[in-house]
Trainee: 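Sharing a structure here in structure tokens format.
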Amino acid sequence: LALRSVNSSRSAYAYVFFSSMFFQHYCWTAASQPCQKEKQLSLPCKLIIKSVLPVFRCVNVLERNVEKCSIYTNINDHHITFQLLCKHGVVKTYNLTFQECDPLQAVFAKHMCPNILKVYSRLLADTMIHFPTSQEEVTLSVTPMKVCFKSYTEEDTDFSKTMLTEVQLNPEEFDYFQVGVDSEVTFCLKELRGLLAFSEATSVPVSIHFDKAGKPIAFSIEDMVLEASFILATLCDIEKETTSQQPPCFSQRQESNAAAVASKKPQGNGNAPNTEPAKPASPLAKQEVKNIPRDTEMPGIEGAALTEAEDHAMLEGEAAESHSQKTGKDFKMAKASLSHAVSYFYTYCIFQFHSLFFGAVSCTEKDAISHTFHSLATASDTEEDFGSSQV
Amino acid sequence: MRFRAKIVDLACLNHFSRVINTIAKLAKTCTLCLTDSKLYFILSDKVANGGVSMWCELCQGNFFDEFQMEGVAAEHNEIYLELVPENLSRALKTAQSAKAVKIKLTNKHCPCLRVAVELPSLSSSSRIVTHDIPVGVIPRRLWNDFREPSVPDFDVSIYLPVLKTMKSVVERMKNLSNSIVIEANLSGEMNLKIETDLVSVTTHFKDLGNPPWASEDGYQSSAQGRDLESMAEARIDIKKLQQLLAGQQVNPTKALCNIVSKRIVHFILLHEDVSLQYFIPALA
């Protein structure tokens with residue numbers, strides 16, 4: 001059973017996978033229409049979180065009263081039913097409608113991260129408690145000798161008005177401490193609090209995988225029956241980008257279907273690490289994590305690039321059926337319908353956030369696999385750089 | 001200008017935190033005055049505060065294990081800082097199990113009070129949490145604004161009833177009216193009154209006792225020769241009163257108020273090592 005969620009600005013992605021052993025009884029009956037060549041039969045459906053929350057509201061009350069919780073679906077009816085069988089014969093039934101959808105999934109190569117920390121959950125919670133609840137962004141700074149979490153500041157922060165907090169930890173406090181590259185990553189603390197609360201409850205250690213500024217950071221917990229991960233975008237470090245800068249590159253998808261285009265964006269010609277198109281883990285997974293570099297050379301272009309690319313991501317999420325090959329048309333469509341998202345992201349441009357881009361996992365568009373490594377359309381003056389990924 | 005101080009004892013730390021919490025509830029921004037022997041939290045009676053003023057005095061020796069300060073100049077060995085007490089309160093909130101707390105005046109990007117909390121950790125070295133609280137340095141020419149207020153020439157001085165009771169009464173009254181009338185006489189009686197179009201509520205307190213004030217120079221204060229039964233009253237903003245009462249986390253050793261009829265109410269709350277004076281002006 002997989003639960004996935006993405007935040008509205010697409011800068012945070014979370015999933016929780018429950019193995020069938022988590023449940024007392026787990027039964028999956030195949031739907032009548034088989035998807036050819038599918039290895040997994042899955043029913044992706046979309047629920048509004050606000051509707052599900054009341055079912056599991058008060059954990060204490062639940063623990064005391066509920067004897068069994070049963071979840072079952074009626075596909076034809078588009079209903080999921082949560083049934084709580086409580087003490088004294090009380091049965092609470094919640095019927096929620098769902099929409100079918102193609103779930104988004106971010107692929108983030110955790111094992112390729114040079115920095116891996118593993119720590120028991122209490123430590124992380126104890127650290128974050130020192131930051132005010134209104135604190136949005138937090139910077140994690142590591143060297144092989146020390147670790148610290150501090151309030152995020154930028155050049156134009158008004159120091160006379162803001163209170164800054166810094167927590168220094170000793171590498172010895174970590175169950176596992178590997179720092180391959182000194183880095184300072186800034187991520188949104190708010191998005192993380194959910195996982196922190198969850199891990200405290202399950203008392204499973206938290207693993208943190210990350211790289212340099214700009215690459216996503218993943219907080220995960222894993223035990224025998226479940227696996228949860230929060231993948232957050234991190235702020236890109238402008239200074240470093242500009243120095244190693246090559247002509248601005250941005251990628252656009254040429255298709256709006258689930259065939260997501262590969263690869264993390266190379267930062268420049270020579271010095272991009274792991275720039276080869278990140279092959280999806282399984283042939284089915286058309287998911288990619290895409291870091292759109294906030295290259296700073298020409299802000300005007302950047303903005304536009306991000307805008308269009310972002311639109312594209314959204315559109316994919318909706319799993320548009322059209323297999324349109326015409327880039328221009330797609331972008332126009334996207335722009336029109338998602339202008340609000342665009343303006344949000346445009347404002348965010350200044351803060352140099354990398355965004356995570358998602359491909360949709362779809363079981364019907366298998367044929368798109370062949371397009372997986374479709375060319376990255378780049379600005380016309382840099383096309384030569386990406387000849388290798390031309391299909 | 002230098003300042004550094006250290007608290008090592010947990011009880012002192014808790015006590016200090018409680019004082020800061022109380023101040024934070026009373027004022028959004030206030031002035032901290034540091035001298036050799038004392039700390040003062042001062043709120044002066046500007047219009048912006050609604051005419052309310054506050055004077056809180058602590059003996060540094062009762063809280064700090066180490067305390068060193070160097071004022072602006074040798075003959076003016078004081079430091080006046082403007083700060084947001086809520087920030088200090090927040091910094092100390094998570095220091096409840098600290099091994100030590102150090103406070104230092106620094107000037108990295110701007111003048112700050114750096115609070116460094118040393119917390120125990122599982123590893124050999126402690127965990128250090130640093131909070132940089134921005135402060136404003138108040139120049140000497142403005143120091144006159146922050147003098148200790150004199151006790152007003154009051155009509156009646158009376159001990160307050162048990163603060164918890166008074167607080168719950170005032171809290172309920174707050175829902176009904178914006179202003180409250182405090183009246184008291186020299187026979188130990190106090191009434192809290194509210195009056196609206198729909199309802200009027202009065203709570204009577206008896207046998208409170210009146211503190212004896214020795215007149216400093218034999219001067220007859222307006223309180224003497226006063227009819228014991230006659231009430232002095234003042235109508236004040238109920239929210240300010242409620243804030244004062246809500247901020248008290250520990251019962252004071254002595255709590256009293258001086259009423260200048262129709263002008264001002266002066267509250268004095270004394271603890272062992274902290275004294276807090278709060279002035280609420282009467283509403284027009």
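Quick note on labels: first sequence line is chain A, next is B, and so on, each numbered from 1.
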Trainee: Can you list every salt bridge (charged side-chain N to carboxylate O under 4.0 Å, His left out) pair that touches residues 120-132 of chain A, not counting sequence neighbours?
Mentor: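 Only A:Arg122-A:Asp126, A:Arg122-A:Glu200 qualify under salt bridge (charged side-chain N to carboxylate O under 4.0 Å, His left out).
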
Trainee: Which residues pass the side-chain contact (heavy atoms from CB on, under 4.5 Å) test with A:Phe22, not counting sequence neighbours?
Mentor: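 If we apply the side-chain contact (heavy atoms from CB on, under 4.5 Å) test to A:Phe22, skipping adjacent residues, the hits are A:Phe18, A:Val225, A:Leu226.
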
Trainee: Kindly indicate whether the side chain of A:Leu164, heavy atoms from C-beta on, has any atom under 4.5 Å from the side chain of B:Lys108.
Mentor: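 A side-chain contact is absent here, since even the closest heavy-atom pair is not under 4.5 Å.
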
Trainee: If you measure from NE2 on B:His131 to CZ on A:Phe131, what distance do you get to the nearest 0.5 Å?
Mentor: 8.5 Å

Trainee: Taking atom CG as the centre, does A:Leu53 end up with more than 12 heavy-atom neighbours from other residues, nucleotides or ligands that are less than 6.0 angstrom away?
Mentor: yes

Trainee: Does NZ belonging to A:Lys146 count more than 12 external heavy atoms closer than 6.0 Å?
Mentor: yes

Trainee: Using a 6.0 Å cut-off, check whether atom CD of B:Glu272 has over 12 heavy atoms from anything other than its own residue.
Mentor: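 12 or below, so no.
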
Trainee: Which residues in residues 91-106 of chain B have any heavy atom closer than 4.5 Å to a heavy atom of chain A?
Mentor: B:Ala91, B:Thr94

Trainee: If we check side chain to side chain contact (heavy atoms under 4.5 Å, CB included) with B:Val129, which of these qualifies: A:Ile129, A:Thr127, A:Thr165?
Mentor: A:Thr165

Trainee: Spell out the residues in residues 168-179 of chain A that have some non-hydrogen atom less than 4.5 Å away from a non-hydrogen atom of chain B, in order of number; otherwise answer 'none'.
Mentor: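 So far as heavy atoms go, A:Gln168, A:Leu169, A:Asn170, A:Glu172, A:Glu173 are the residues that approach chain B to under 4.5 Å.
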
Trainee: Given A:His130, which of B:Val117, B:Thr130, B:Leu119 fulfils the side chain to side chain contact (heavy atoms under 4.5 Å, CB included) condition?
Mentor: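 Among B:Val117, B:Thr130, B:Leu119, the one that satisfies the side chain to side chain contact (heavy atoms under 4.5 Å, CB included) with A:His130 is B:Leu119.
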
Trainee: More than 12 heavy atoms of other residues, nucleotides or ligands under 6.0 Å from CZ of B:Arg172: is that the case?
Mentor: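 It does not: B:Arg172 CZ has 12 such atoms or fewer within range.
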
Trainee: Distance check, rounded to the nearest 0.5 Å: B:Ile133 atom CD1 versus A:Thr162 atom OG1?
Mentor: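 One finds 12.0 Å between CD1 of B:Ile133 and OG1 of A:Thr162.
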
Trainee: Nearest 0.5 Å, please: how far is CG in B:Asn87 from NZ in A:Lys161?
Mentor: 12.5 Å

Trainee: A:Ser160 and B:Pro134: which non-hydrogen atoms are nearest, and at how many Å?
Mentor: O-CB, 3.3 Å

Trainee: To the nearest 0.5 angstrom, please state how far the CZ atom of B:Arg114 sits from the CD atom of A:Glu166.
Mentor: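 Separation between the atoms: 7.5 Å.
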
